[in-house]
Each structure stands twice: as structure tokens, then as C-alpha cells.
2 protein chains.
Amino acid sequence: MNSRENIVNKLKSAGVTPTTQRVEIAQILFARPQHLSAEQILKMVNKGHSTASKATVYNTLGLFAKKGLLREVIVDPTKIFYDSNVSRHFHFFNTDTGVLTDIPVDAIHIDKLPELPQGTESSGIEVIVRIKNS
Amino acid sequence: MNSRENIVNKLKSAGVTPTTQRVEIAQILFARPQHLSAEQILKMVNKGHSTASKATVYNTLGLFAKKGLLREVIVDPTKIFYDSNVSRHFHFFNTDTGVLTDIPVDAIHIDKLPELPQGTESSGIEVIVRIKNS
DNA sequence: TATAAAATTAGACAAAGTCTAGAAAAGCAC
DNA sequence: GTGCTTTTCTAGACTTTGTCTAATTTTATA
């Protein structure tokens, strides 16, 4: 499924040169749909065979997000989550635990969208349902 | 409208002791519905008659948010916006300019809501429409 | 293989926000 | 009001996430 070969092709298709560090990071991210922070990824990479510096991890995540391979989720004021599932969906964010979970698209139905301000275009709609332990 | 007297009463009603610093911060925030960062508020306070330290501004904003006087808006990974409009509404966030604007409640209609995870309760739904200059 | 361009690195730096310990202000009983 | 306790405020040190820089290494290409 997510063999090195598939990952390399995925990066190439997105116009990203598949360097050692990028493939390593991609393998971690695309192993399954998940929400990881840059610091978590940095630690995971450096537990593996090859290593990557902090700057490379941050650059790579930014690049992947720009190329549409990742989705940045901004819900926690202290860090960005990178979501390896880029298909349309929404999120629960548990403010007690800091855990982000998915809400499938069909669990929310938005039937009316606002008019955008003059001279702007949409780059995505996020729905975040903040929850806490009851 | 937002005389010192009204502000003092607003704070008291929310169970917040109206100290000099809190009243000063509240007067800035509640002058009109707006989105301000902690740093902006700190600067505004210290241009006025009384002053407040960084720690006090951060503590006060956190307290106001907890008491429901303010709404924290997390859309920009570098800072929290404090929204002095706590009535139900949504937001546009322009990623090119960093400007946050309101979307009236009735401009979006959500007619289906997701089931919450076991043992949790909702503390609010946010809809953020990310936009960029076209 | 030589050369140019792109990517990686360590570590310095920046900015938002938190923490601490002492000082000041507020609340309260008398 | 006076004394006492609790709450609030303060300066500045500190933490954390993320960015920047300048030098090195890797990759692409002719």
C-alpha cells in the first residue's frame, strides 16, 4: 500500500522532489489518516533509520501542505496539526485532552453558504466542533 | 452606551471584580464588536490613561473568555483573536491579509449536526471560511 | 564529470504566551 | 477607619513553536 515506491510516486505526482527526508516524513504521515504536530513528526523521524533536522521537517510540512498532500488544522493555539487525510471532512477538538478527531462530511450538512467579500475567493471551509469531557 | 458605569456592571454581572486594569481593557474591547489580539490590546491599554502589564492583559483576556464576555477565535497559528461579539456568528479569515471578518448566522445554514463522542459535550461550533485575494 | 540549482543542516533568533515571587489593591471583620 | 486575608497586578525570566541564516550536501542537468 504505502511502500516506499508508492510514496515516491505520490510525491512526484504532486511535483515534489522525493528526497530521503521527504520520503521518510511522507511514510510516517501517509501510513494512515492521522493528525500530527511538527514536533511529533520530528521525533518520529529521528527514531527511524534516516534523520531530519527541525528546519527540514517544518519546511517539508509547509511544502506538503502547499502542494495539497496535507491539510493544516488550526484549532490549538499552541501548535498546528497536520492532517494526512485531505478529503473533505470536519473536526471535533476536545479542549480537555487536546485530541482532534474526524467528523465525516455527511455528518454535517451546510445548505447555505455566505457571499464572499469583494475580490476574494474561498480556499476552504472548516467546521470545528469544540467539545469537552462531560 | 459603554460608559465606565455600564462596563463595571457588565463585569460584575459576569462575576468579575472590576479592577482598574480590567475596566480599562473592557472599555477598549466593548467599544464596538471587534477582533483584537492580546498584543494589540496591550499596546492600546498602554496608550491610554492607566496601564497594565503583559501578564495582566493575558490573564484578563483568559478570564473574560472563561466568563463568556469574549470569544477566542483560533484561526491564525501565530496568535489568538479575541472577539468582543459573543453572539452566534461565523468567520471569514483572509490568509493574505490576516484579517478576520464576521459572517452573520443567517448566511450559513447547518441543518444536520454530528453525534458527539461518548462522554463529551459541545462547547461551541465554529465555521471558518478561509479566503484569499483573487 | 563539471556546474548550477535545490535541499538540508545546526544553531541563532523571533514572537506569543506562561510562570514566579514579591508588591499593591481590594474585601472584610471588628 | 484599622488590621488581616485574599485577590490582583507587576517585571522580568522562561518556555515553546516556529523562522531565518549561512554554510554544506545532494540532486539535476548539460
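Note on naming: letters A, B, ... go to the chains in the order of the sequence lines (proteins, then strands), and numbering restarts at 1 for each one.
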Rounding to an integer number of Å, can you tell me how far B:E24 CD sits from C:dA25 C1'?
17 Å
Out of A:V16, A:T56, A:L69, which residue meets the side-chain contact (heavy atoms from CB on, under 4.5 Å) rule with A:R22?
A:V16
Per the end-axis method with five pairs at each terminus, what is the bend angle of the helix from C:dT1-D:dA30 to C:dC30-D:dG1, to 10°?
30°
Starting at CG of A:L61, measure out to CZ of A:F81 and round the result to the nearest 0.5 Å.
13.0 Å
From B:N133 CG over to A:T120 OG1, what is the distance, rounded to the nearest 0.5 angstrom?
7.0 Å
Quick check: does any side chain N or O of B:S84 sit under 3.5 Å from a backbone N or O of B:R32, one acting as donor and the other as acceptor?
yes
Could you tell me how far apart B:I25 (CD1) and D:dT10 (C1') are, to the nearest whole angstrom?
13 Å
Side chain to side chain contact (heavy atoms under 4.5 Å, CB included) between A:R71 and A:H89: does it pass, once the steps are laid out?
CA-CA 11 Å; A:R71 173 164 160 196; A:H89 66 283; 3.7 Å; yes
Is the phosphate of C:dA25, meaning OP1 or OP2, less than 4.0 Å from a side-chain N or O of B:Q21?
no
When the aromatic ring centroids of B:H109 and A:H109 are compared, is their separation below 6.0 Å?
no
Between P of C:dT18 and CG of B:L61, the distance in whole Å:
10 Å
If we ignore hydrogens and angles and just use 3.5 Å, is the side chain of A:R130 paired with the main-chain N or O of A:V75 as donor and acceptor?
yes
Under 4.0 Å, counting only non-hydrogen atoms across every strand here, what does B:S50 touch: a base, just sugar-phosphate, or nothing?
nothing
May I have the distance from A:L42 (atom CG) to C:dT8 (atom P), rounded to whole angstrom?
14 Å
Between B:S37 and B:K79 the two heavy atoms that sit nearest each other are CB-CD, 3.6 Å
For nucleotides 14-30 of chain D, 5' to 3', base contacts (B), sugar-phosphate-only contacts (S) and non-contacts (-) with protein non-hydrogen atoms under 4.0 Å give ---SBBB-------S--
